[in-house]
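A quick write-up on the structure given underneath.
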Amino acid sequence: MNNRINISLYWKCQLIGWSVAALYWEYHGYVMSTHFDWLQAILQFISDVAILILLTHAYRTFARRYNFQNLALGQLLQRIIPAALILGIVYTFATNVKLHLFQVWFYKFPAQSFSDFFKANAEIIFIGGMRLMFIWLLAYHMYHYAQREIRMSRENARLALITREAQLNNLSAQLNPHFLFNSLNNIKALVSDNPRAARRAIDLLSDLLRTSLYNGDEMLVPLKNELSLVNDYLELEKLRFEERLQYEIQTDNKLSNFQIPRLSIQLLVENAIKHGIAQRKNGGLITVKIEQLATIVKITVQNPGELTTGDNGLGLKNLRERLALEYKGRAEFAISGQLHDIVLATITLPSA
């Protein structure tokens, strides 16, 4: 059995840092004096460490409750200055009380009254306490600020990687031999019967490939850009499925410039065709709906079919992770089976 006690980095720094500081004061204040007393020195050391740890830990508890660690640097500095002042005042009072009690307990000559003792020592103790509190506050918050920056850099790098993977998956779908074969075959059939439709199909295929190849650096895109891509994709797929594929897109024009994760709706529409329309003899209707509800924007893609294990594959897993990283837990994705053989995929994004 492993009975080893694990002490967090915070408590190690608290205990070691304040112990070293207290030992330094003991050495210069008591060990070098002609009235050195071991019992007094030990009690001074323990009381100094206890006061400093209690004060700084109380501040840490307060700061964590009010999420100081998530503030911008400027906002944080505005709170550190008054915090150091308050901690310095409390430290001055507590230290004066402690020193006065030690004077009463250990010295033979009559002690000063507390008010006289306080007046004589408050200024120098306050200056020293303020210096200590400033150093501790800056060290504590700079450490957490650095950790937050490192974490955000990692998350941004991960988000960029997942977005690039989504782009590659989309490109892979567009370059899929089966998809290209069907598209080119449909275009070939249209060349003689309907040249205008054939030219349109070539334009659609060209736009899809261009978007997949050259627009991969953007993690967020305006809703109108994403819907333009989805429209092209659906129009091209309709040449393949003909009457088996029906679709409609409902959106509020006020949301045209609203930023959404790139290829998010495109992925859901591809999923709806692959696992819904393509699997049903009579096809069906795909409905894409984007609406603003209070403080959220809700995106839904509905298609006929049954929810299967394949509907929760790598593409949707990556979408969930992209949403988690981009919106820090404020966005949601869900896919569920509804009544009457309907599958509903929903993305919920914060509108501000």
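Nothing fancy with the numbering, it's 1 onward along the sequence.
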Q: Look only at the side chain of Gln279 and the backbone of Gly305, and say whether a donor-acceptor pair between them is shorter than 3.5 Å.
A: no
Q) Is the shortest heavy-atom distance from the side chain of Asp232 to the side chain of Leu236 under 4.5 Å? A) no
Q: State which residues pass side-chain contact (heavy atoms from CB on, under 4.5 Å) with Thr95; sequence neighbours excluded, sorted by chain then number.
A: Tyr91, Leu99, Ile125
Q | Close side-chain approach of Ile277 and Pro304, heavy atoms under 4.5 Å | A | yes
Q) Do side-chain atoms of Arg79 reach the backbone of Gln75 as a donor and acceptor pair under 3.5 angstrom? A) yes
Q: Mind telling me whether His141 and Tyr59 have parallel, tilted or perpendicular rings, with 30° and 60° as the class edges?
A: perpendicular
Q: Determine whether Phe68 and Tyr143 fall in the same hydrophobic cluster, where Ile, Leu, Val, Met, Phe, Trp and Tyr are linked whenever their side-chain heavy atoms lie under 4.5 Å apart.
A: no
Q: Would you check if the distance from the ring center of Tyr10 to the ring center of His57 is below 6.0 Å?
A: yes
(Q) So, taking the atom named CG in Leu137 and the one named OG1 in Thr56, what distance separates them when rounded to the nearest 0.5 Å? (A) 9.0 Å
Q) Under 6.0 Å from the NZ atom of Lys238, do we count more than 12 heavy atoms belonging to anything else shown? A) yes
Q: Calculate, to the nearest 0.5 Å, the distance between atoms OH and CD belonging to Tyr233 and Glu270 respectively.
A: 4.5 Å
Q: Measure the OG1-CD1 distance between Thr251 and Ile290 for me, rounded to the nearest 0.5 Å.
A: 4.0 Å
Q | Aromatic Tyr140 / basic Arg60 pairing, under 6.0 angstrom, 45° off normal | A | no
Q | Glu123 atom CD, neighbour heavy-atom count above 12 within 6.0 Å | A | no
Q: Could you tell me whether the side chain of Thr287 reaches within less than 4.5 Å of the side chain of Thr300, counting heavy atoms only?
A: no
Q. So, does Arg262 use its side chain to make a donor-acceptor pair with the main chain of Glu226 at under 3.5 Å?
A. no
Q. Are Ile299 and Phe258 grouped together when hydrophobic residues (ILVMFWY) are joined by side-chain heavy atoms under 4.5 angstrom apart?
A. yes
**Q.** Any donor-acceptor pair under 3.5 Å from Asn271 side chain to Leu267 backbone
**A.** no
Q: Kindly indicate whether the side chain of Leu263, heavy atoms from C-beta on, has any atom under 4.5 Å from the side chain of Leu229.
A: yes
(Q) Going by ring pair (Phe, Tyr, Trp, His ring centres under 6.0 Å), name the residues that satisfy it together with Phe45, two or more places apart in sequence or in a different chain. (A) none
Q: Determine whether the side chains of Gln302 and Lys289 contain a donor N or O and an acceptor N or O closer than 3.5 Å.
A: no
Q) Any donor-acceptor pair under 3.5 Å linking the side chain of Asn225 with the backbone of Val221? A) no
**Q.** Worked check of side-chain contact (heavy atoms from CB on, under 4.5 Å) between Leu204 and Arg200
**A.** CA-CA 6 Å; Leu204 290 170; Arg200 175 59 180 160; 3.4 Å; yes
(Q) Rounded at 0.5 Å granularity, tell me how far CG in Leu319 sits from CG in Leu316. (A) 6.5 Å
**Q.** NZ/NE/NH1/NH2 to OD/OE distance under 4.0 Å, Arg320 and Glu332
**A.** no
Q. Between the main-chain N or O of Lys224 and the side-chain N or O of Ser228, is there a donor-acceptor pair closer than 3.5 Å?
A. no
Q. Just wondering, more than 12 heavy atoms not from Arg64 lying within 6.0 Å of its CZ?
A. no
Q) CG/Leu138 to OH/Tyr145 distance, rounded to the nearest 0.5 angstrom? A) 13.5 Å
Q | Heavy atoms from other residues, nucleotides or ligands near CG of Leu293 exceed 12 (cutoff 6.0 Å) | A | yes
Q: Please confirm whether the backbone N or O of Arg280 pairs with a side-chain atom of Arg244, one donor and one acceptor, at under 3.5 Å?
A: yes
Q) Which heavy-atom pair separates Tyr327 from Pro261 by the least distance, and what is that distance? A) OH-CD, 3.5 Å
**Q.** Donor on one side chain, acceptor on other, Gln250 and Glu248, under 3.5 Å
**A.** yes
Q. In terms of heavy-atom contacts, does NZ of Lys328 have more than 12 from other residues, nucleotides or ligands at under 6.0 Å?
A. yes
Q: Determine whether Val343 and Phe241 fall in the same hydrophobic cluster, where Ile, Leu, Val, Met, Phe, Trp and Tyr are linked whenever their side-chain heavy atoms lie under 4.5 Å apart.
A: yes
Q. Are Leu54 and Phe134 connected in a single hydrophobic cluster, I mean Ile/Leu/Val/Met/Phe/Trp/Tyr linked by side-chain heavy atoms less than 4.5 Å apart?
A. no
